[in-house]
Engineer: 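Please see the structure below; I have some questions.
Since the structure is predicted, the reported quantities are computational estimates derived from the model, not experimental observations.
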Amino acid sequence: MTDRIMVDLLDDVFVSLGSDDSDLVILDADVASNWLIRFSEFFPDRYINLGMAELDAVATAAGMASAGKHVWLFSTAARLLGRGYDALRTAIAIPGLNVKMIVSHGGVSAGEDGAVAQMLEDLALTRSLPGVSVEVPSDCVSAEAILRRIAVMSGPAYVRLTGEPTEDLYDDSTVKDAINVSIPLVEGTGVTICACGIMVHESLKAAAILKQQDISAEVIDCHSVAPLPERSILGSVHRTGCCVVAEEHSSRGGLGEAVASMLCRLYPVSIRFVSVDDRPGQSGSPKELLEYYGLTYQQIVGAAVEAWTMRRR
Amino acid sequence: MSSSLEALAMSIRKDVVRMVGNARSGYVASALSVLDILVYLYERELDVDPKNPKARDRDRLIMGKGHGCPGLYAVLAHRGFFEREALWNFRRLGALLQGRPDGSRTPGVDVSSGAPGLALGIANGVALSMRMDGLKGRVFCVVGDGELQEGSLWESAMTSSHMALDSVTLVVDKNGDQMGGAVDSIKRLEPLEDKFRSFGWNVASTDGHDFSSLDAAFSSIRDKNGHPSVIIAKTMRGKGVSFFEEGRKKDSGLSRMETERALEELGNGDRDDR
């Protein structure tokens, strides 16, 4: 199986979604033109590049959505949230408008572009807005399924795509359940590993190593950071009594804190986090950066052993 | 025409004073500066129907100037979008009339707005969408002059022009004041007309408290030739109430005494539906 890049899916998916829905419009803050070549040829009136003006683009999206359009807004995480947050908050999240935000290169996968381009706090910013669905797909199959699912949901959503090639974890028969109810990718009774995005792949590698050490790990793809798949996580943690959360994000405010606050409230267990501590990113290849910031299966194995040792019995 | 609008505006002014006095919170000087503009728009320009406030082909008004919303609410109540009684719950918990315009709560409010600098972008979005759908409605966007210091407004001004959104009309309530003092002493806007012209806009200037002057300005931009239009309306903060006209800076709520005094100054003429 060759690895695929998520943004390469976008043209086919949106040509298909755009054919089914004549109210679908794409607004681009000058990042997506190369990903949507066929879409912009098929629907030239429904692909609008507003240039390097993210705040204007988000406000325009709000206006179009309030007039009944189904707006998909494309940018990068750092630019959309950094510059567009005011409009996102006041003009989209608070009124609950139907705007879907798609960003590429969340986390350190912006690689060589360096710290400014590497958004490590996007999940915290979007998750804390009322009523915004936050999705971080782990592979191309689930990315497509998630895009198609949020296309028929009303209300705001934020989807973070990785720029790194990913191996397919799902196929057409398995993806539906994974998306709808977050059933575990790997079942186990020793430790629950919740992960999103590329950290799901690392978690699967970690689970294989843990198995050799007689710890049976259950891996849950928490692609939906908000709302959290609470039932799936709780069901697992009831069996395992401990939890690890792995994310390509700051340790502050992301999936880790979301899972921790839910478990703290409903079923406190030993929990460990694999995420970026209080540091900005920097230049480097994505692979080097993932290792430098400790976002690897080795770290997950270590965290899982710690959590398992302290597990609730 | 002008004299009847003047009488109407005077009686709506009193409702603005009453609602802010009642709420003991809200921005009355800001609302009084934009009031005549709103009266003119709702009485003479906007094609809207209170019985069908969400009609797809209606004209829209996007209120960027959040502090001016008491004026908007009083005008909408007069047009019959909701009961005048709702004015007396302004800013209270659960009220129909929020401290910033809320499109999901208030009939006649087209979109939620009130964060400075964003309204023109929202107006462009509405206009783009209506153009795609072949709808004829026009989009009016009302902003304060201090708000023109927000960079996003100029991002959006480029968009209106580049996209040839001639259904968009921006109205600037140019009262010359912002929170910290005179606009031109804090960050100069002039030459404002030239700035808009250089961005590809039709420009008209007017006295924002004189209905025949407003009428002339709106008439002058009827022929748009693919360009968005801006009307720069010179206004006075707290128009009609002496302690604001004479320079009182504080604009948050009114005491009982101030409310009484303002109502007295605004005269005895009142609306029939009192």
Engineer: Name the region of A:Val58, side chain, backbone, both or neither, that has any atom closer than 4.5 Å to a heavy atom of chain B.
Structural biologist: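 Contact with chain B involves no heavy atom of A:Val58 at all.
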Engineer: Name the option with the most non-hydrogen atom pairs under 4.5 Å to chain B; the candidates are A:Leu55, A:Val71, A:Thr90, A:Leu50.
Structural biologist: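 Among the listed options, the one with the most contacts to chain B is A:Leu55.
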Engineer: Step by step, would you call A:Tyr47 with A:Phe14 a ring pair (Phe, Tyr, Trp, His ring centres under 6.0 Å)?
Structural biologist: CA-CA 11 Å; A:Tyr47 167 78; A:Phe14 281 94; over 10 Å; no
Engineer: Heavy-atom distance under 4.5 Å to chain B: side chain of A:Asp45, backbone, both or neither?
Structural biologist: backbone
Engineer: Run the salt-bridge test on A:Lys100 and A:Glu135 with the 4.0 Å N-O cut-off and return the result as yes or no.
Structural biologist: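 No, no charged N to carboxylate O under 4.0 Å.
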Engineer: Which residue pairs pass the salt bridge (Lys or Arg N to Asp or Glu O under 4.0 Å) test when at least one of the two sits in residues 12-35 of chain A, sequence neighbours left out?
Structural biologist: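 Found A:Asp12-A:Arg38, A:Asp23-A:Lys69.
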Engineer: Measure A:Ile48 against the heavy atoms of chain B and call it side chain, backbone, both or neither at under 4.5 Å.
Structural biologist: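 Side chain of A:Ile48 only, per the 4.5 Å heavy-atom cut-off to chain B.
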Engineer: Given a strict heavy-atom distance threshold of 4.5 Å, which part of B:Met158 is in contact with chain A: side chain, backbone, both, or neither?
Structural biologist: neither
Engineer: Heavy-atom distance under 4.5 Å between the side chains of A:Glu121 and A:Met119, does that happen here?
Structural biologist: yes
Engineer: Looking at A:Met52, I want to see if its CE is surrounded by more than 12 non-hydrogen atoms of other residues, nucleotides or ligands under 6.0 Å.
Structural biologist: no
Engineer: Using only heavy-atom distances, determine whether the side chains of B:Ser156 and B:Asn124 contain a donor-acceptor pair under 3.5 Å.
Structural biologist: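 No, no side-chain donor-acceptor contact under 3.5 Å.
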Engineer: Out of B:Gly114, B:Ala115, B:Gly103, return the one with the most heavy atom pairs under 4.5 angstrom to chain A.
Structural biologist: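 That would be B:Ala115.
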Engineer: At a 4.5 Å cut-off on heavy atoms, which part of B:Ser113 comes close to chain A: side chain, backbone, both, or neither?
Structural biologist: neither
